[in-house]
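The block underneath contains the structure these notes are about, expressed in structure tokens.
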Amino acid sequence: MFNRSDNATATLRTSRQDLLDQLRGRGISDEAVLKAIAKIPREEFVPTAFRHRAWEDGALPISCNQTISQPFTVAFQSQLLEATSGMNVLEIGTGSGYQAAVLWALGLRVFTIERHADLLSQARQRLDAIGCNVAMRVADGTVGWSAFAPFDRIIVTAGAPAAPPALLKQLAPNGRMVIPIGDKATQRMKVFIRQQDSEQFDELDHGDFKFVPLIGREGWEKE
Ligand code: SAH
């Protein structure tokens, strides 16, 4: 017989497999990304009251009026990065720390910035608890992290009015930035690819998404 906690573990395990099947069904085909999602215990990144829903494909509330992104969105942005193990990646918008953990599980060197100090300290505790080694700071991420630039990859997990020039500048040659751009209600998922020998960028569009706003010097003004 299962006791209650075994039962809970078994439920989480089934829902983990269900989620992976759903992500495949929605076009996530990068096996490394699927493996990284399977590896990170999402239940550690959501408030206790929502633990039983951690493996549903939905966004959930975290502190400071922010959200942990939907697993599909995390998988989709991770897949668009086209990153390979050992690359360095800058994330803007640490939030719960879940996306940072998934990037770490992909074998990347992760740098992440969050504007809310209390979110960052909670994220730090969760990442430490599961052994993810990620560099983090509290700051306005719209100006990047020049001390560690250039970055092979940049991922922005809040909705921006436009591509922040400082972030484009901190991209390495052939680097890619994945960023939702639009108004405060909805955004289009954009990928900027820096050309090898110039400061020119190719730009791709990957459809509609809905993020909380990116607030900062090169983002939206605080309300
Ligand atoms: N990646 C997160 C989801 C983040 S929600 C996760 O996996 O849980 C977006 C986050 O971006 C919020 O926590 C918000 O506080 C943060 N944010 C918004 N503007 C920011 C800025 N200019 N710099 C850093 N973080 C910012």
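Quick caveat, the model's predicted, so the values are computed rather than measured.
- With hydrophobic clusters built from ILVMFWY side chains whose heavy atoms lie under 4.5 angstrom apart, Met136 does not share a cluster with Leu214.
- The backbone N or O of Asp30 lies less than 3.5 Å from a partner atom in the side chain of Gln79, making a donor-acceptor pair.
- Judged by a 6.0 Å distance limit and a 45° cone about the ring axis, Arg42 is not positioned over the six-membered ring of Trp55.
- In this structure, Thr186 contributes its side chain and Phe209 its backbone to no donor-acceptor pair below 3.5 Å.
- The backbone N or O of Gly97 sits nowhere less than 3.5 Å from a side-chain atom of Arg126 that would complete a donor-acceptor pair.
- Between the side chains of Gln77 and Thr157, not a single donor N or O lies within less than 3.5 Å of an accepting N or O.
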Val33 and Leu106: CA distance, side-chain angles, deciding distance, side-chain contact (heavy atoms from CB on, under 4.5 Å) verdict: CA-CA 7 Å; Val33 168; Leu106 280 167; 4.3 Å; yes
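- For the pair Ile193/Leu204, a side-chain contact is recorded, criterion being any heavy-atom separation below 4.5 Å from C-beta on.
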CA sep, side-chain torsions, deciding dist, call: Arg153, Met177, side-chain contact (heavy atoms from CB on, under 4.5 Å): CA-CA 6 Å; Arg153 299 291 186 261; Met177 172 162 75; over 6 Å; no
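- Shortest non-hydrogen contact noted between Leu90 and Gly144 is CD2-CA, 4.1 Å.
- Gln196 places no side-chain N or O within donor-acceptor distance of the main-chain N or O of Asn174, the cut-off being under 3.5 Å.
- Residue Arg53 comes nearest to Leu60 through the heavy atom pair O-CD1, 4.0 Å, listed as atom of the first residue, atom of the second, then distance.
- Panel note: side chain Lys210, backbone Ala185; a donor-acceptor pair is recorded below 3.5 Å.
- Between Ala100 and Val110 the shortest heavy-atom distance is O-CG2, 4.0 Å.
- Classification of Arg176 and Asp152 as a salt-bridged pair fails, no side-chain N sitting under 4.0 Å from a carboxylate O.
- Between the side chain of Asp140 and the main chain of Arg217, a donor-acceptor pair closer than 3.5 Å is present.
- Within a 6.0 Å sphere centred on CG of Asp183, heavy atoms belonging to other residues, nucleotides or ligands number more than 12.
- Judged by distance alone, with hydrogens and angles left aside, the side-chain atoms of Gln187 form no donor-acceptor pair with the main-chain N or O of Ala160 at under 3.5 Å.
- Among the candidates Val134, Val74, Leu81, the single residue satisfying the side-chain contact (heavy atoms from CB on, under 4.5 Å) test with Leu103 is Leu81.
- With 3.5 Å as the limit, one finds no donor-acceptor pair spanning the side chains of Asp118 and Gln122.
- Residues Met189 and Leu80 form a side-chain contact, since some pair of their non-hydrogen atoms from C-beta on lies under 4.5 Å apart.
- For the atom pair Ile62 CD1 and Phe45 CZ, the distance stands at 11.0 Å (nearest 0.5 Å).
- Checked by atom type and distance alone, the side chain of Gln22 never pairs as donor or acceptor with a backbone atom of Leu20 at under 3.5 Å.
- A distance-only check finds no donor-acceptor pair linking the side chain of Glu221 to the backbone of Gly216 [under 3.5 Å].
- In terms of modelled atom types and a separation under 3.5 Å, the side chain of Thr67 and the main chain of Ser69 share no donor-acceptor contact.
- Lys184 NZ: more than 12 foreign heavy atoms inside a 6.0 Å radius.
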Step-by-step salt bridge (charged side-chain N to carboxylate O under 4.0 Å, His left out) determination, Arg137 to Glu114: CA-CA 7 Å; Arg137 75 185 292 206; Glu114 169 57 53; over 6 Å; no
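- When all heavy atoms are compared, the tightest approach of Val138 to Ala117 is CG2-CA, 3.7 Å.
- Within 6.0 Å of CG in Asn65 there are 12 or fewer heavy atoms belonging to other residues, nucleotides or ligands.
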Audit row: Gln99, Thr94, side-chain hydrogen bond (donor to acceptor under 3.5 Å, both in side chains) steps and yes/no: CA-CA 7 Å; Gln99 171 76 72; Thr94 316; over 6 Å; no
Steps toward salt bridge (charged side-chain N to carboxylate O under 4.0 Å, His left out) verdict (Arg194, Asp202): CA-CA 7 Å; Arg194 185 180 187 140; Asp202 297 319; over 6 Å; no
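- Using a 4.0 Å cut-off between a side-chain N of Lys or Arg and a carboxylate O of Asp or Glu, Glu203 and Arg188 do not qualify as a salt bridge.
- Looking at every heavy atom in both residues, Cys132 comes nearest to Trp104 through SG-CE3, 3.3 Å.
- Classification of Arg51 and Glu44 as a salt-bridged pair holds, one side-chain N sitting under 4.0 Å from a carboxylate O.
- Between Phe111 and Trp145, the angle of the ring planes goes over 60°, which puts this pair in the perpendicular group of the 30/60° scheme.
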